[in-house]
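Single-structure report; data block below.
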Amino acid sequence: MAISQKRNAISLGWTPFNALSGALQNLNTTGTWFAYSFIPPETKTLNVVRMFCSGNGGTLTNIAVSCDLYSSLNGAPNVSLESKSIEAGSWAAGWKEFTGFTTQVTNGVVYWLVFKNISVNPTTNYPQVGYQQNCVNPPYAGNFSLFSWLRKTSTDGGSTWSGTTSGVAGFRLAFSDGTYNGLPISATGNSDTKIYANSEVGVKLNTPAGITMNVIAVAFYVTFGGTPIGDLRFRIYNGTTLLGTTLAVSKANISTAGWVLLYFPVDIVITAGTQIRVVASETTQSDSSSNYYGLFFATFDDTAESKALMPLGMMKTSTVDATATPVVWTDDNTKGYPFALILDTAGEFGVTGGLKINPGLSGGLR
């Protein structure tokens, strides 16, 4: 089922991935190195590399790991520019930081972060490096410094590199000027909160200052389980006040998980600097937990610096009963869902402030 675009539009939201999935790699031999590329958006000095350790093998107190900043040649790591390490005894599962980098990285130049196991017995004592893959952000396609990093693996100590994976996420860089870059998420998945009966799930966000938005449609990355009886719909709330509900689509017209875009019968006007909730629900409000819709989700690094990299102050929001007066919402600022508001470029809304056209969401349902 396809819905043609009604007019020129622009998208605003967070659309960083297409079926993003978590992956683990055991850093368990001396010659096995993992490399992740990035392109700095500005010329500045790198200070900290933050990455996620999913687990480990062997004896925790014997695990030691280094992170090297490498130059790039022919699409692979070339020369180590600087190396920092986390010594044995400090490698518990969770977010880890390699601190003390002092190299100035140049805007537009490719660099690689290369992780190596420097344990005395790496085959026995090793960490699992966690990352996310299939990260594709349509407004910024090709800009690896924002979301879509590359990954390569060497099994011979850096002599050769193979296994290129594009669209990798999960790392955070800190620079000497107090700025950060990357997409620090530790986990992704489907339907962490099921949408059925009176429940509604989505994102809470703050709209940009200085822009009155005419919202013509909403898009979410939708999943499902069983065969929901109710049709899928999207809604926008200002606090507990319902501003509008989109047209609905039946489960029969959603064959696989993916982006779903639904239009409002009448444009929703949202003034600048408003805190809104954009959520998904089902029309009959009678389905069971075995027949449900869901949204693809991401779990963020639980630090203020990492959360600040999420756009518009976005966080998960949900209610178990949208019929309550007033609706009681539960918010979780460590999770979020890919979404987009489709905005009319005519009328009060002007294309200013560097917002990017998102062709990946302008074609209706798919």
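Values in this document were obtained by computation on a predicted structure and should not be read as measured data.
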To the nearest 0.5 Å, atom CG of N117 lies from atom OH of Y126 at 10.5 Å
Report the relative orientation of the aromatic rings in F339 and F220; use parallel for angles under 30°, tilted for 30 to 60°, perpendicular for over 60°.
tilted
Does NZ or CZ of K251 lie under 6.0 Å from the centre of the six-membered ring of F224, at an angle within 45° of the ring axis?
yes
Closest non-hydrogen atom pair between R50 and W95, with its separation:
NH2-CB, 3.3 Å
Could you check, using the six-membered ring where one of them is a Trp, whether Y196 and Y292 have ring centers closer than 6.0 angstrom?
no
Separation of N206 CG from Q275 CD (nearest 0.5 Å)
5.0 Å
Candidate list D331, D332, N333, test side chain to side chain donor-acceptor pair (under 3.5 Å), partner T317, passing option
D331
Taking the six-membered ring for Trp, are Y337 and F296 ring centroids under 6.0 Å apart?
no
Could you please spell out the steps behind the side chain to side chain contact (heavy atoms under 4.5 Å, CB included) verdict for S176 and N47?
CA-CA 6 Å; S176 61; N47 276 176; 3.5 Å; yes
Counting only N and O atoms by type, is there a donor-acceptor contact under 3.5 Å from the side chain of T164 to the main-chain atoms of K152?
no
Less than 3.5 Å apart, which donor and acceptor atoms pair up between the side chains of residues 98-107 and the rest of the protein, not counting sequence neighbours?
from : atom 1 : to  : atom 2 : distance (Å)
T102 : OG1    : E82 : OE2    : 3.1
T103 : OG1    : E82 : OE1    : 2.5

Aromatic contact between F38 and W149, with the criterion being ring centroids under 6.0 Å apart: yes or no?
yes
Within this structure, what is the CG-CG distance for the pair D344 and D267, rounded to the nearest 0.5 Å?
5.5 Å
NZ/K204 to OG1/T330 distance, rounded to the nearest 0.5 angstrom?
10.5 Å
Once salt bridge (charged side-chain N to carboxylate O under 4.0 Å, His left out) is applied, what residue pairs with a partner in residues 115-125 remain, sequence neighbours excluded?
D68-K116
Testing the basics here: between F264 and A217, what is the closest heavy-atom pair and its distance to 0.1 Å?
CD1-N, 3.9 Å
Taking every non-hydrogen atom, the tightest pair across L309 and P184
CD1-CD, 3.8 Å
Can you tell me how far the CG atom of L232 sits from the OG1 atom of T283, to the nearest 0.5 Å?
9.0 Å
Ignoring hydrogens and angles, tell me if any N or O in the side chain of T207 forms a donor-acceptor pair with the backbone of G273 under 3.5 Å.
yes
Identify the two heavy atoms, one from A248 and one from D231, that lie closest to each other, and give their separation to 0.1 Å.
CB-CB, 3.7 Å
Could you measure the distance from the SG atom of C53 to the CD1 atom of I86? Nearest 0.5 Å is fine.
9.0 Å
Between K307 and F300, is NZ or CZ placed under 6.0 angstrom from the six-membered ring centre and within 45° of the ring axis?
no
Can you say whether the rings of W33 and W161 are parallel (under 30°), tilted (30 to 60°) or perpendicular (over 60°)?
tilted
Quick note, salt bridge (charged side-chain N to carboxylate O under 4.0 Å, His left out) partners involving residues 238-248, not counting sequence neighbours, are none
Which atom of A35 lies closest to which atom of P77, heavy atoms considered
CB-CG, 3.7 Å
Is there a side-chain hydrogen bond (donor to acceptor under 3.5 Å, both in side chains) between T124 and N121? Walk through the geometry before answering.
CA-CA 6 Å; T124 301; N121 189 345; 3.3 Å; yes
Do Y237 and W329 make the cut of ring centroids closer than 6.0 angstrom?
yes
Closest heavy-atom pair, L247 versus P265, reported as atoms and distance to 0.1 Å, is CD2-CG, 3.8 Å
Stepwise, does the side chain to side chain contact (heavy atoms under 4.5 Å, CB included) test hold for K316 with D192?
CA-CA 11 Å; K316 173 184 175 179; D192 65 322; 3.0 Å; yes
Quick one: do R235 and E200 make a salt bridge, cutoff under 4.0 Å?
yes
Whether the side chain of N238 engages the backbone of T241 through a donor-acceptor N/O pair (distance < 3.5 Å, no angle test) should be reported.
no
